[in-house]
Amino acid sequence: MSQATQRTPTEAMFFADEASRGLGIELVEHGEGTAVLRMTVTTAMVNGHRIAHGGYLFLLADTAFACACNSHGPVTVAAGADIVFVAPAREGDVLVARAEERARYGRSGIYDVSVRRGGELIAEFRGRSRSVREDTAREAPGTTTKESR
């Protein structure tokens, strides 16, 4: 693969994320410490009140968070996250999650994600990240690590 066609760390992680892509989440844009993703709320995503299930809103925000915190290169995972639901989303709504890095220190980071429908705020998410040390990072299934050799 030439340098011109190599994927960024964010692209590589996102395109390997079958859960998010299977729900129709799209990576719209990304940069160092930032990411913008989009998802349309489908019939399968609404709860008994006919509003978007909070788990799907969390998943969208969490995916944007993952894309932003993995933009720097080392494998990075969530150490914790919180979400505040501000307004309901409904079937057919197109939601956009915008993640922004607030701080990085050592192997840790703090990221905020706003989920919006147009200009209306739907949810606010704060994620805490932790980069995985190379000696403890697990490789993709089917590959070998130093420990398994």
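Model, not experiment: these values are computed from the prediction.
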Test: Arg102 and Glu100 ion pair at under 4.0 Å: yes
salt_bridge(Arg126, Asp112) N-O dist < 4.0 Å: yes
Interatomic distance, [X] atom [atom1] to [Y] atom [atom2] [nearest 0.5 angstrom]:
X: Leu37; Y: Phe65; atom1: CG; atom2: CZ; result: 13.0 Å
X: Thr40; Y: Leu23; atom1: OG1; atom2: CG; result: 11.5 Å
X: Leu95; Y: Met39; atom1: CG; atom2: CE; result: 5.0 Å
X: Cys67; Y: Tyr111; atom1: SG; atom2: OH; result: 11.5 Å

Taking the side chain as C-beta and beyond, is there a heavy-atom pair between [X] and [Y] under 4.5 Å?
X: His30; Y: Thr8; answer: yes
X: Phe85; Y: Leu57; answer: yes
X: Arg104; Y: His72; answer: yes
X: Asp17; Y: Thr63; answer: yes
X: Phe125; Y: Leu60; answer: no
X: Thr10; Y: Leu27; answer: yes

Distance-only side-chain donor-acceptor flag, Arg98 / Ser114, under 3.5 Å: no
Search all heavy atoms of [X] against all heavy atoms of [Y] and return the closest pair with its distance.
X: Ala68; Y: Ser71; result: O-OG, 2.7 Å
X: Ile122; Y: Pro88; result: CD1-O, 3.8 Å
X: Ala81; Y: Arg128; result: N-NH2, 3.3 Å
X: Arg117; Y: Ala89; result: NH1-CA, 3.5 Å

Under a single-linkage definition using a 4.5 Å side-chain heavy-atom cutoff for Ile, Leu, Val, Met, Phe, Trp and Tyr, are [X] and [Y] assigned to the same hydrophobic cluster?
X: Val36; Y: Tyr56; value: no
X: Val115; Y: Val46; value: yes
X: Met45; Y: Val96; value: no
X: Leu59; Y: Ile83; value: yes
X: Phe58; Y: Val41; value: yes

So, does [X] use its side chain to make a donor-acceptor pair with the main chain of [Y] at under 3.5 Å?
X: Asp93; Y: Arg90; value: yes
X: Arg21; Y: Glu26; value: no
X: Arg116; Y: Gly119; value: yes
X: Ser129; Y: Ala78; value: no
X: Thr76; Y: Pro74; value: yes
X: Asn47; Y: His49; value: yes

Crowding at NE2, His53 (>12 non-hydrogen neighbours, <6.0 Å): no
